[in-house]
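Structure first, commentary second.
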Amino acid sequence: MSVQEIVSFIIMGIGIAFMLVGIIGMFQPKKDFYYRLLVACKIDTIGLLTIGIGLAIRHGFSFFTGKIILIIIIIMVLNPLVAHIIAQAAYRSGYVSICKDGDSFDH
Amino acid sequence: MPPQMLTFFVIVPVLIAVFLYVFFTLKIARVIAIAVQAAFMVPAAWLLFATQESEIAVTVGDYEGFLGIILRADLLAAVFVCLTVFIFLVVGIYTVQTPYDRTKRLYLFLIFLLEGALIGLFLTRDFFNIFVLVEVSTVVVTILLMYDRERRNLFAGMTFLMVNIIVMQLYLFGLGYIYMLTGVMDMEAASAVLYTMDDRSLALPYALIMTSIASKCSLLPMLTWLPKVNSLTGSRFTIAAIMSGLHIKAGVYLFIRFQDVFGGMGTDFFLVIGIITAVAGVIMALSQTDVRLLLAYSTIAQVGLIITGLSLGDGYSRVGSLFHIVNHSLFKVALFLCASQITYLYHTKDIRKIRGALRQTPLIAAANIMAILGIIGAPLFNGSISKYFLMSGATGATEWIIILINLGTILAFVKYAAIFFGKPLGKVRTEGGDEPDFNRRAVVLGLGIICLALGIGGAQAMDFLFDAPVSLSFWSYLEKVGIFAASVAIGILIYRYAISKREFLPKLNGLSLSFQQICVSIGAFFAVLVIYIGVF
Amino acid sequence: MTVGDIHVLEIFPILVFFISFFGLIISRNIVKAIVLIMLMQTSVILFWLGLGARLGNIPPIFQDATEVYDPNTIADPLPQALMLTAIIIGIAVTAINITLLNALFRKYQTVDWQPMQDLATVDERPES
Amino acid sequence: MAIALTTEILLVFWVVNAIWIVFAKKTYRVMIFFGVFSLITSVIYLFLGAPDVAMAEAGISAFATIFFIVCIEKYYSRGSGLKAEMASAAKPRNYFKLVAAFAFVAMLCGLFIFFVPTTTEYAYTELRDLYLFQFMRDVGGRNAVTAIYLGYRVYDTLFEALLLVTAVVAVIHLSWFDRTIVADGRHSEVERSRMTKFAMRIVCPIILLFGMYLVMNGHISAGGGFLGGLAFALFLVCRFMVLGVYDLPIEKAMKLEELVFINIIILPIFAIFTGFIYFYGYATEMFQNIYLIAMNFLVGLKVAFGFFVLFYRYIAIERLPDKEEVVEAFDDGED
């Protein structure tokens, strides 16, 4: 195994670990919709990004890597946007956060 | 003309449809539509003459072997193409003055698309292309059935569409098995391989495909014809005429083709199914009071008769059934168009409220009576010739059942013919008041005269159309005339003393079943067919 | 892999086909019926693609025109081309179905089969 | 081996998902399960070596889900739908009927599996081998699926395109809303946030680029006219819905779609149907590539306009609050 492959596997492993943590976070009891959305958005963005970078390193400098980088850019722009739109829709349709600790959403 | 022209029989109507829709104003579009439909008779006639000698086959794009889609025109396909072009011309002339509606050229667009799709269905011999064309024609027919916003039957139309999609999924599934077994998509090549296989491995594809084809030609134990018939009450008479005259015939055409592909499996099964369909269609027709429903159910009865004739396994019966398909298209279109005029004059579509039409509109009533004489098989009319040959293969009980079915048809049309006599019950529009309807009268009279002409020159027409030199034995024909006369007498007596007094089976009037029941009937038909083929 | 004599890519589409048929028989909701018809279409399409992939499942796309491939490792291109057509037909028909359902919902204010049919039979009865 | 095992596991999930859809009691759950179902299907198609179909399924299911959601949105928004659904779910099921239906369908399924032909499974592969070995000479390109789709069986493709045109006409004609309305942004009750607009300004050109890539490379890699068309439609929709550029009225889009469709018929007439220009043996590779790219581009444009009209129709009109629609009486001559 070359150094390149080892590095890429480590980075992909980190990405999978992010996703695992995120999934555990999503299924925590007594958390409301906004909390879960936050977590879901995080695992989608960070996890996928990290795995994508790992793949790019593994394949070296090629056309395939270019495609992966394009996908990474699109994910970076679109994933937070999707979470934003979902949260906005929930907020506009009158969903109230039940977070008690700290700063809840202001109506 | 080169054989490559076969592709253009399908492409040209589609192109013209889109051109009319996009480029022309309504006034010009009408003229162009009629001109094109009339001009289209020339290549259709050429096809009929050219296929007398040999089959014309062409691969779209000249690819070798079975790589491309192969179109084949034999005599049968040519007859169907001619019939399609003729009926669309007739309907086009009939509706030339109709003020369409706000959406203007949409009607012409759909009519031309339907013409192209039906011609394509008759010419193609590719399994998958049949699937695509059937879907196109289903969608176009769905729009046409619900064309007028004010009186469309949305629920029946939606059920019609959904049932047809489900049935076509069965067809696609069966096609998958055919591709697995034969590795080709062409009918001739596939049937060459399928001939070598045993019944048990063919049972599943046969049952799947035949279930969908049987639904397409409205055979009875499947209830898929119900939403179609129910949605007719919200559509125009011309659409109903095209549905009864051509769209169902496309199903029958596919039935003939697929029976050939599978080498005549399950003929006994379809003999029974045909008889059941005919009997039930006659009973349903008798119980109706709406003109459109009576005519539509009578179509189902006649289709049952045709399927019976095709499944008898006799050469003469087969040719007779094929001739009956042509005849039925002609007189059913004539009947629907006449009914359109008469109901327009009387402001009602209930046959109990229409009386004295013979005095009000003598010409149209005369054409209508000619068409009725055709459908009940009166001597000298085309129906008698085709029914004569259709029955020639039947023996024993089957023959008597067919005579009884014909008696039922006579009974239904005696009930229908009551509209010509007596005195008008309500207000009657004066004929020709608002709109010049010379073309309408000319069309229906022409159709009536064609019915008579095909009756007088029946044997010659059958020789020309189906390449079957038949001979009409004078004495047996006379025997049939005797049976016919007796049937008419019995029919009139039964009508006078049993049916005219009270409603016949009023529960069947306006019958409608739920979507779930229709699905169950499809499944049950499939189960019975697969058991019949696989086990027996 | 096969189950009994039948290939696994054949038995699962058959199962889903009949599951959706069962759903069509028991469902009360028209939206669900339309979804189930789409499921049926999908199962038939998977059946066809399974036919194409019985012998091999490398996509029929050749990056290098000169290289010689063993045809028994490549998926059959014909079912794929046919199923592309079938998918587009499916979505077109589904769009029409949804439009009709929407029009019916505006008219009768329900999306269940039975109440809608009761209302519609009164409304669409032939003239008498 | 790994792919076969993954496919089998996915197939099990696929069936389970179908069962969930059948027994789901609420319509929005059906929608969610349907999305998952389509995703799994798409991945299975990819494993079966059908990337074109997989991408088509993914794109199509996204559009279909939007159509369904628009359809059930009205139903839920008035509350009556939800209440009726709750009542319907609370109503005890008729267990006799359920068991009878299950027995019937199980009988059908058993019959089907009993009669599955196994004797001569896949014995004839000559046609497949011919397609694989000849398509580069006959039609050109590197993608056998595109070669069949645009070369050998272009006659089918034509009717499929026709069906899409007809579907657009049908959706407009059969809709509850009588007229076509002008594109004036009536659909956007909610003003889009600045963040959305900003992100979309970045993404829209990328979508267009992606569509062009799919169309231009349709003949040498997976993709092709249909998928490129979906991407174009997405571009038009984003531009329209999010950025608020209303310069393509719905009627113009329909007219454009039909004009493109005429070209889709005419190009194969000269290229293939007459066997005139495009004979194998006479066509050079450049000629073939020009035909394939042009055809892909036309199909893409047609799909783009068609889906744009459908999408706009669903978002802007099928969701309108229903008021009494005035239908002008029109005497159509009773035929």
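Quick note on labels: first sequence line is chain A, next is B, and so on, each numbered from 1. Model, not experiment: these values are computed from the prediction.
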Would you mind reporting whether D:Glu160 and B:Val136 have side-chain heavy atoms less than 4.5 Å apart?
-> no

Would you say B:Leu15 and D:Ile269 make side-chain contact, with heavy atoms under 4.5 Å?
-> yes

Atom OH of D:Tyr152 and atom OG1 of B:Thr59: how far apart are they, to the nearest 0.5 Å?
-> 12.0 Å

Using a 4.5 Å cut-off on heavy atoms from C-beta on, say whether the side chain of B:Val132 contacts that of D:Tyr155.
-> no

Side chain / backbone / both / neither for B:Leu71 at chain D, heavy atoms under 4.5 Å | side chain

Checking heavy atoms, do the side chain of D:Phe104, its backbone, both or neither come under 4.5 Å from chain B?
-> side chain

Sort B:Ala339 into side chain, backbone, both or neither according to what part of it lies under 4.5 angstrom from a heavy atom of chain D.
-> neither

Interchain contact, B:Val193 with chain D, by part (heavy-atom threshold 4.5 Å) = side chain

The salt bridge (charged side-chain N to carboxylate O under 4.0 Å, His left out) partners of B:Asp126 (sequence neighbours excluded) come to D:Arg153

Note, D:Phe115 side chain near B:Leu202 side chain (heavy atom, < 4.5 Å) | no

B:Tyr63 versus D:Leu130: any side-chain heavy-atom pair under 4.5 Å?
-> no

Whether B:Phe173 and D:Phe112 hold their rings parallel, tilted or perpendicular, with breakpoints at 30° and 60° = perpendicular

Region of B:Leu337 in contact with chain D, defined by heavy-atom distances below 4.5 Å = neither

Return yes if some donor-acceptor pair links the side-chain N/O of D:His173 with the main-chain N/O of B:Tyr147 below 3.5 Å, else return no.
-> yes

